Amino acid sequence: MTRHIFVTGGVVSSLGKGLTSASIGMLLERRGLTVRMQKLDPYINVDPGTMSPFQHGEVYVLDDGSETDLDLGHYERFTSSILNRDSNYTTGQIYQSVINKERRGEYLGHTVQVVPHITDEIKQSIRRLASPDVDVVITELGGTIGDIEGLPFLEAIRQIPLDIGKENCLFIHLTLVPYLKAAREAKTKPTQHSVQQLRTIGIQPDILVCRTERPIGREHTDKIALFCNVEKRAVIEEVDKEYSIYEVPMGLVEHKLDELIIEKLGMEAGPLQLDDYRDLIHRIRNPRHEVTIAVVGKYIEHRDAYKSIYESLDHAGFHHSTRVIAKRIEAEDFQRHDAASLLAGVDGLLIPGGFGMRGVEGKIQAIRFARENKMPYFGICLGMQCSVIEFARNVMGMTDANSTEFQADTQNPVICLLEEQSTVEDKGGTMRLGSQPCLLADGSRSLEAYGMQEIHERHRHRYEFNSRYRDQFVAAGMSPVGTSPDGSLVEIVEVPDHPWYVAVQYHPEFKSQPHNAHPLFCGFIGAALEQRQLRTK
Ligand code: GLN
């Protein structure tokens, strides 16, 4: 029988529900259980693919091409749970499915209502992940208790214990315990209110995880337990981590959260296997080197917009026992200031993906500097497309080279719309998405990094390298070293006459884990380290 854990959040958003859910998943896996992770998002968009990164942060892409919430990135970084379309549902998807059923006549004769039709649809979406080989499904509910749009989801998870037995379900509620400087005291009232609201809906949390800036102590957690009707030992404080998010699971272990969950769900599990993870934490805490990587993009002030990129840089740093300092630079700054001063003290340049032309000319300036000054360079998706444009303009003399995304009538469309995109009209879910195979050329840096000829990476784009120009690029010194198996699509370009210049059409950042850093990120940070050593010698 698959057990279900529901994770809700109260008081404020951005409490780190995703991280906590992922950490719980990791701990249960490390006790030998099979876990599936899921996120429910109460917004009406069908998926986050059409939302601005300013609104929503990064869009995280899965192997099957689903465009999902960035919390799924945490799930994949912390656990080995298999994620697919069923791992992220939004209000938009739930309603779309119910409305389609209504049109097909599946509710013939009935009035279709939030309860029971929408709530049944939500329950089915949760239960879909249960199967004989899955021990636990962890479902995280987006938003905060009190949001109007979250109500149908809360009602649905309230009903699940009635369907499958109370003993098979566990409600974990995350709250904030703020510290008031003026009063020199941690305040438990917001937590009490948020649990009260949850109980009004009919959900009694079994475990409370209290986020705090500083330790709050037993006195406060006992008080919370009393007022919230939760066992004392089930009120757990989660103090902000000083070093890294990867320490979150260790904090939960200290409070025996894994133990508590397994006991409350009446499961049998093996001992906690954490030795290698402790090693990782030791490496994270004790780096031997340091490098600075410039990340040049247009959502630079929004940390979550390039979430997986920053995480992947960190992972490669863990691999090299190196602290990676990401210097985040707004692309448009390169249109106002010279690249040499903006990139002073930088050991490597990374340009992430993006859409639209704002900042593109700045990215091209930055890439030019890295290419000419032999600074390790890593281009990702739009970053790759900008490298191709830069090379065409400044090395091959095609001064007007561009992508047709930015200039439809350019004489030299070195980046152009993918053939398959020419008839696409809808914006949602219609890009070239998900995992695609790619073959690597002998002698390339990419092959050296991956150590295998065929790779599979995740894509999210509409434009591509224009193969019409392939021979000209090769002759000028930029090589397409990774292509689709039929050779038609260029997935990777490199400049062989450069210490480390690799630009990829796909998103390697979606396949990096803290203990299993992505090979290209490792190669890039390795090259940046060498550059740093040369520079500081
Ligand atoms: N805008 C570019 C395209 O659609 C790049 C997309 C991206 O960086 N994800 O092809």
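Since the model is a prediction, treat every value here as computed from it, not as a measurement.
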Check: How are the rings of Tyr246 and Phe318 set relative to one another: parallel (under 30°), tilted (30 to 60°) or perpendicular (over 60°)?
Finding: perpendicular
Margin query: More than 12 heavy atoms of other residues, nucleotides or ligands under 6.0 Å from CD of Glu454: yes or no?
Written below: yes
Margin query: Check the orientation of Tyr299 and Phe54. Use parallel for under 30°, tilted for 30 to 60°, and perpendicular for over 60°.
Written below: perpendicular
Next item on the list: Given salt bridge (Lys or Arg N to Asp or Glu O under 4.0 Å), test Glu259 with Arg233 step by step and report yes or no.
Entry: CA-CA 11 Å; Glu259 210 51 69; Arg233 62 179 182 134; over 6 Å; no
Notebook entry, point to check: How about Thr20 and Ile172: do any of their side-chain heavy atoms sit closer than 4.5 Å?
Noted result: no
Next item on the list: Using a cut-off of 6.0 Å, state whether more than 12 heavy atoms not belonging to Lys223 lie near its atom NZ.
Entry: no
Note to self: A side-chain contact here means heavy atoms from C-beta on lying under 4.5 Å apart; do Val504 and Leu520 qualify?
What the structure shows: yes
Item checked: Result of checking His319, His315, His518 against Ser512 for side chain to side chain donor-acceptor pair (under 3.5 Å) -> His315
Check: According to the side-chain hydrogen bond (donor to acceptor under 3.5 Å, both in side chains) rule, which pairs have a member within residues 141-153, sequence neighbours left out?
Finding: none
Notebook entry, point to check: Which heavy atom in Leu27 sits nearest to a heavy atom in Leu272, and how many Å separate them?
Noted result: O-CD1, 3.7 Å
Notebook entry, point to check: What pairs of residues pass the salt bridge (charged side-chain N to carboxylate O under 4.0 Å, His left out) test when at least one of them lies in residues 67-80, not counting sequence neighbours?
Noted result: Lys39-Asp69, Lys39-Asp71, Glu67-Arg460, Glu76-Arg458
Checklist line | Pairwise side-chain contact, His74 with Met37, heavy-atom cut-off 4.5 Å (strictly under) | finding: no
Check: So, for Leu313 and Val324, which heavy atoms are closest and what is the spacing to 0.1 Å?
Finding: O-CG2, 3.5 Å
Check: What distance do Cys438 atom SG and Glu491 atom CD have between them, rounded to the nearest 0.5 Å?
Finding: 5.0 Å
Note to self: Given 3.5 Å as the limit, does a donor-acceptor pair link the side chain of Glu237 with the main chain of Ile216, or not?
What the structure shows: yes
Item checked: Student check: side-chain heavy atoms of Tyr89 and Glu121 closer than 4.5 Å -> no
Checklist line | Contacts of Ser66 that satisfy side-chain contact (heavy atoms from CB on, under 4.5 Å) - sequence neighbours left out | finding: Leu62, Asp64, Thr68, Arg85
Check: Are the side chain of Arg211 and the backbone of Leu15 linked by a donor-acceptor contact shorter than 3.5 Å?
Finding: yes
Note to self: Between Leu154 and Ile145, is there a side-chain heavy-atom distance shorter than 4.5 Å?
What the structure shows: yes
Note to self: So which atom in Val235 and which in Cys210 form the shortest heavy-atom distance, rounded to 0.1 Å?
What the structure shows: CG1-SG, 3.9 Å
Notebook entry, point to check: With no hydrogens and no angle check, is any side-chain donor or acceptor of Glu29 less than 3.5 Å from a backbone partner on Ser80?
Noted result: yes
Checklist line | Flag, side chain of His302 to backbone of Pro53, donor-acceptor distance under 3.5 Å | finding: yes
Next item on the list: Identify the heavy atoms of Ile309 and Phe521 that sit nearest to each other, and give their distance.
Entry: O-CE2, 4.1 Å
Note to self: Is it the case that the side chain of Ser435 and the backbone of His456 share a donor-acceptor pair, with hydrogens and angles ignored and the cut-off at 3.5 Å?
What the structure shows: no
Checklist line | Side-chain donor or acceptor of Gln38 paired with backbone N/O of Asp86 under 3.5 Å | finding: yes
Item checked: Distance-minimising heavy-atom pair for Lys264 and Glu231 -> NZ-OE1, 2.6 Å
Notebook entry, point to check: Which pairs, with at least one residue in residues 290-303 and sequence neighbours excluded, count as a salt bridge (charged side-chain N to carboxylate O under 4.0 Å, His left out)?
Noted result: Glu290-Arg323, Glu290-Arg532
Note to self: Tell me whether Glu247 contacts the main-chain N or O of Ile281 through its side chain, where contact means a donor paired with an acceptor under 3.5 Å.
What the structure shows: no
Donor-acceptor contacts under 3.5 Å from residues 175-187 side chains, at least two apart:
| unit_1 | atom_1 | unit_2 | atom_2 | d |
| --- | --- | --- | --- | --- |
| Thr175 | OG1 | Thr191 | OG1 | 2.9 |
| Glu185 | OE1 | Lys187 | NZ | 3.2 |

Note to self: Distance alone, cut at 3.5 Å: any donor-acceptor contact between the side chains of Glu155 and Thr119?
What the structure shows: no
Next item on the list: For atom NZ of Lys232, decide whether the heavy atoms of other residues, nucleotides or ligands shown that lie under 6.0 angstrom number more than 12.
Entry: no
Item checked: Backbone N/O of Gln513 and side chain of His515: donor-acceptor pair under 3.5 Å -> no
Notebook entry, point to check: Which residues pass the side chain to side chain donor-acceptor pair (under 3.5 Å) test with Asp258, sequence neighbours left out?
Noted result: Arg31
Next item on the list: Could you tell me which non-hydrogen atom of Tyr450 sits nearest to which non-hydrogen atom of Ile455, and how far apart they are?
Entry: CD2-CG2, 3.3 Å
Notebook entry, point to check: Do Gln55 and Tyr43 meet the criterion of a side-chain donor-acceptor pair at a distance under 3.5 Å?
Noted result: no
Margin query: For the backbone of Val46 and the side chain of Thr90, can you confirm whether one donor and one acceptor N or O come within less than 3.5 Å of each other?
Written below: yes
Margin query: Whether the Arg36 and Ser87 side chains hold a donor-acceptor pair (N or O, under 3.5 Å, no angle test) is what I'd like checked.
Written below: no
Next item on the list: Please determine, by modelled atom types, if Arg30 and Gln273 share a side-chain donor-acceptor pair under 3.5 angstrom.
Entry: no
Check: Got Val112 and Lys101 here, is their nearest side-chain heavy-atom distance under 4.5 Å?
Finding: no
Next item on the list: Supply the atom-to-atom distance Ile293 CD1 to Thr322 OG1, rounded to the nearest 0.5 angstrom.
Entry: 10.0 Å
Check: Sub-3.5 Å donor-acceptor pair from the side chain of Gln204 to the main-chain atoms of Asn229, do we have one?
Finding: yes
